[in-house]
Chemist: 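Next up is a structure, given as structure tokens.
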Amino acid sequence: MKTNIVLFFALLLSACSNGQNKTMLSAAEFGEKVKSATNAIVLDVRTPEEFSQGHIKNAININFNGADFDKQIANLDKNSEVLVYCLAGGRSASAAEKLSKQGFGKIFELSGGMMKWRAAKMPEETNTPATTSGLTKAQFEQLLNTDKKVLVDFYATWCAPCKIIKPYLDQIETEMKDKVVVVRIDADQNRELVNQLQIDALPTLQVYKNKQTTWTNVGLTTKEEIVKALNK
């Protein structure tokens, strides 16, 4: 009996220690870690295009969706702390899993990615001149100027839940066109607007009636739930 108890606690400690090499940090905590960590690797796993438009100081860019991602991270120093992030947290979570499997001992993830970082007004660097492309808030508000309900989808092309939701939105746009307008806004292409509207996770769906928000959903949902919100 005593042996079984000892074995149980040994297994429990082992299970707990397996997850100790990955830590989620808020934007402020991540920023402090970037400043204080010596010889840490700040790893941006977004696309080169995303990286060039704004990244954390001293970050290196290895595209998580690139064909050679595993090979490139294998060349990094496994004794270094790795501070990993993407736009909203999905790709960095998957990257952290791969880093852990490859033997990296100290991995820190930016919770919510660059969207949370930007919402917290943390500093970033760019490789390209700042652009004014994307909808302005005034232009967005003009889209709400209708007697129909407006269903707004804040998405990104790389976002897996966004891709799942899109067919629902296409169906709703056809089936409810007499009373609903569907507006899709690419968060990557409308950064300033997204920040102004405090959208810090993807996908985010919002229903507007008479220019007022009546429903908001963050993350994956069903067509039935969206229709239910539109029919209220």
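A quick note: this is a predicted structure, and the numbers were derived from the prediction, not measured. We number each residue from 1, following the sequence as shown.
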Chemist: Check whether any side-chain heavy atom of E32 sits under 4.5 Å from a side-chain heavy atom of E29, and report yes or no.
Modeler: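 Not touching, per the 4.5 Å side-chain cut-off.
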Chemist: Applying side chain to side chain contact (heavy atoms under 4.5 Å, CB included) between Q206 and each of L151, I199, V183, V218, report the one that passes.
Modeler: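 Exactly one candidate clears the test, I199.
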Chemist: How far does CD of Q72 sit from CG of N63, to the nearest 0.5 angstrom?
Modeler: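 It comes to 9.0 Å.
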Chemist: Checking the side chain of R91 only, and the main-chain atoms of W158 only, is there a donor and an acceptor separated by less than 3.5 Å?
Modeler: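 Between the backbone of W158 and the side chain of R91 there is no qualifying donor-acceptor contact (under 3.5 Å).
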Chemist: Report the C-alpha distance between M114 and H55 in whole Å, list the side-chain angles of each, state the deciding distance to 0.1 Å, and finish with yes or no for side chain to side chain contact (heavy atoms under 4.5 Å, CB included).
Modeler: CA-CA 8 Å; M114 285 299 286; H55 57 266; 5.5 Å; no
Chemist: Hydrophobic clusters here meaning ILVMFWY residues chained together by side-chain heavy-atom distances under 4.5 Å, can you tell me if L230 and Y208 are in one?
Modeler: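 L230 and Y208: separate clusters.
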Chemist: Whether the side chain of W117 engages the backbone of S26 through a donor-acceptor N/O pair (distance < 3.5 Å, no angle test) should be reported.
Modeler: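 No: the side chain of W117 does not pair with the backbone of S26.
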Chemist: At their closest point, which heavy atom of A95 faces which heavy atom of F69, and how far apart are they?
Modeler: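 So the minimum-distance heavy-atom pair works out to CB-CZ, 3.8 Å.
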Chemist: Return yes if some donor-acceptor pair links the side-chain N/O of K116 with the main-chain N/O of A27 below 3.5 Å, else return no.
Modeler: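 Flag not set: sc K116 to bb A27 has no pair under 3.5 Å.
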Chemist: Roughly how far apart are T23 OG1 and L25 CG, rounded to 0.5 Å?
Modeler: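 Spacing of OG1 (T23) from CG (L25) equals 6.5 Å.
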Chemist: N61 side chain to R46 main-chain N or O, any donor-acceptor pair under 3.5 Å?
Modeler: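 At least one qualifying donor-acceptor pair exists.
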Chemist: Is V34 close to N58 at the side-chain level, that is, under 4.5 Å between some pair of heavy atoms?
Modeler: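 No. Closest side-chain heavy atoms not under 4.5 Å.
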Chemist: Check the pair V150 / L143 against side chain to side chain contact (heavy atoms under 4.5 Å, CB included), numbers first and verdict last.
Modeler: CA-CA 8 Å; V150 181; L143 295 174; 5.7 Å; no
Chemist: Evaluate the criterion side chain to side chain contact (heavy atoms under 4.5 Å, CB included) for residue pair V227 and Y168; output intermediate values, then yes/no.
Modeler: CA-CA 9 Å; V227 171; Y168 308 157; over 6 Å; no
Chemist: Please say yes or no: joined through hydrophobic side-chain contacts below 4.5 Å, possibly via intermediate residues, are V152 and L169 part of one cluster?
Modeler: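 No.
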Chemist: What do you reckon, is CG of N39 surrounded by more than 12 foreign heavy atoms closer than 6.0 Å?
Modeler: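 At most 12 heavy atoms, drawn from other residues, nucleotides or ligands, come within 6.0 Å of this atom.
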Chemist: Report whether F30 and M24 are members of the same hydrophobic cluster (ILVMFWY, side-chain heavy atoms less than 4.5 Å apart, transitive linking).
Modeler: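 The answer is no; the residues belong to distinct hydrophobic clusters.
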Chemist: Measuring from R191:CZ to E50:CD, what's the distance to the nearest 0.5 Å?
Modeler: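 Atom-to-atom, R191:CZ and E50:CD are 10.0 Å apart.
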Chemist: Are the side chain of D188 and the backbone of A156 linked by a donor-acceptor contact shorter than 3.5 Å?
Modeler: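 Pair absent, no side-chain N/O of D188 close to backbone of A156.
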Chemist: If you count heavy atoms of other groups shown closer than 6.0 angstrom to NZ of K57, is the number above 12?
Modeler: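 It does not: K57 NZ has 12 such atoms or fewer within range.
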Chemist: Taking a hydrophobic cluster as the set of Ile, Leu, Val, Met, Phe, Trp and Tyr residues connected by side-chain heavy atoms closer than 4.5 Å, whether directly or through intermediates, do I60 and F51 fall within one such cluster?
Modeler: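 No, because I60 and F51 fall into different hydrophobic clusters, even though each may have its own neighbours under 4.5 Å.
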Chemist: Taking atom NZ of K228 as the centre, does the number of heavy atoms from other residues, nucleotides or ligands within less than 6.0 Å exceed 12?
Modeler: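 No, because the 6.0 Å sphere around NZ of K228 holds 12 heavy atoms or fewer from other groups.
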Chemist: Are L220 and L87 connected in a single hydrophobic cluster, I mean Ile/Leu/Val/Met/Phe/Trp/Tyr linked by side-chain heavy atoms less than 4.5 Å apart?
Modeler: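 Different hydrophobic clusters.
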Chemist: Look only at the side chain of Q102 and the backbone of D70, and say whether a donor-acceptor pair between them is shorter than 3.5 Å.
Modeler: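 Checked: pair present.
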Chemist: If we ignore hydrogens and angles and just use 3.5 Å, is the side chain of K149 paired with the main-chain N or O of K232 as donor and acceptor?
Modeler: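 It does hold such a pair.
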Chemist: Verify side chain to side chain contact (heavy atoms under 4.5 Å, CB included) between T221 and I226, making sure each step is shown before the conclusion.
Modeler: CA-CA 8 Å; T221 188; I226 300 170; 3.8 Å; yes
Chemist: So which atom in D186 and which in N190 form the shortest heavy-atom distance, rounded to 0.1 Å?
Modeler: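 Closest heavy-atom pair between D186 and N190: O-ND2, 2.9 Å.
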Chemist: Give a yes or no on whether the backbone of T222 and the side-chain of E225 come within a donor-acceptor separation of less than 3.5 Å.
Modeler: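 No, the answer is negative, given that no donor and acceptor are paired below the 3.5 Å cut-off.
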Chemist: For atom NZ of K78, decide whether the heavy atoms of other residues, nucleotides or ligands shown that lie under 6.0 angstrom number more than 12.
Modeler: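 Enclosed.
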Chemist: List the atom of S100, the atom of I107, and the distance in Å for their closest heavy-atom pair.
Modeler: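 S100 and I107 have their closest heavy atoms at N-CD1, 3.5 Å.
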Chemist: Does K137 pair with E192 as a salt bridge, N-O distance under 4.0 Å?
Modeler: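 Looking at K137 and E192, the cut-off is not met.
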Chemist: Which pair of heavy atoms, one from C86 and one from G90, lies closest together, and at what distance?
Modeler: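 Nearest heavy atoms, C86 then G90: SG-N, 3.6 Å.
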Chemist: Mind checking the CD1-CG spacing from I73 to L99? Nearest 0.5 Å is all I need.
Modeler: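 So the gap between those two atoms works out to 4.5 Å.
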Chemist: Roughly how far, to the nearest 0.5 Å, is CG of L43 from CG of L110?
Modeler: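 Atom-to-atom, L110:CG and L43:CG are 12.0 Å apart.
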Chemist: Return the minimal non-hydrogen interatomic distance between K211 and L144, and the atom names on each side.
Modeler: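 Closest approach of K211 to L144, heavy atoms only: CG-O, 3.7 Å.
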Chemist: For the side chain of N210 and the backbone of Q212, is there at least one donor-acceptor N/O pair under 3.5 Å apart?
Modeler: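 It does not hold such a pair.
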Chemist: Looking at every heavy atom in both V84 and A96, which two are closest together, and how far apart are they?
Modeler: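 So the minimum-distance heavy-atom pair works out to CG1-CB, 4.4 Å.
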Chemist: To the closest 0.5 Å, what do you measure between CD1 (I185) and CG (L197)?
Modeler: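 So the gap between those two atoms works out to 7.0 Å.
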Chemist: Hey, what's the ring geometry for F140 with F154, parallel, tilted or perpendicular (30° and 60° as the breaks)?
Modeler: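 Ring orientation of F140 relative to F154: tilted.
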Chemist: Test your reading of the model: is there a side-chain donor-acceptor pair from Y85 to the backbone of I56, 3.5 Å cut-off?
Modeler: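 The answer is yes, because a donor-acceptor pair under 3.5 Å joins these two groups.
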Chemist: Salt-bridged, E173 to R184, with N to O below 4.0 Å?
Modeler: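 No salt bridge links E173 with R184.
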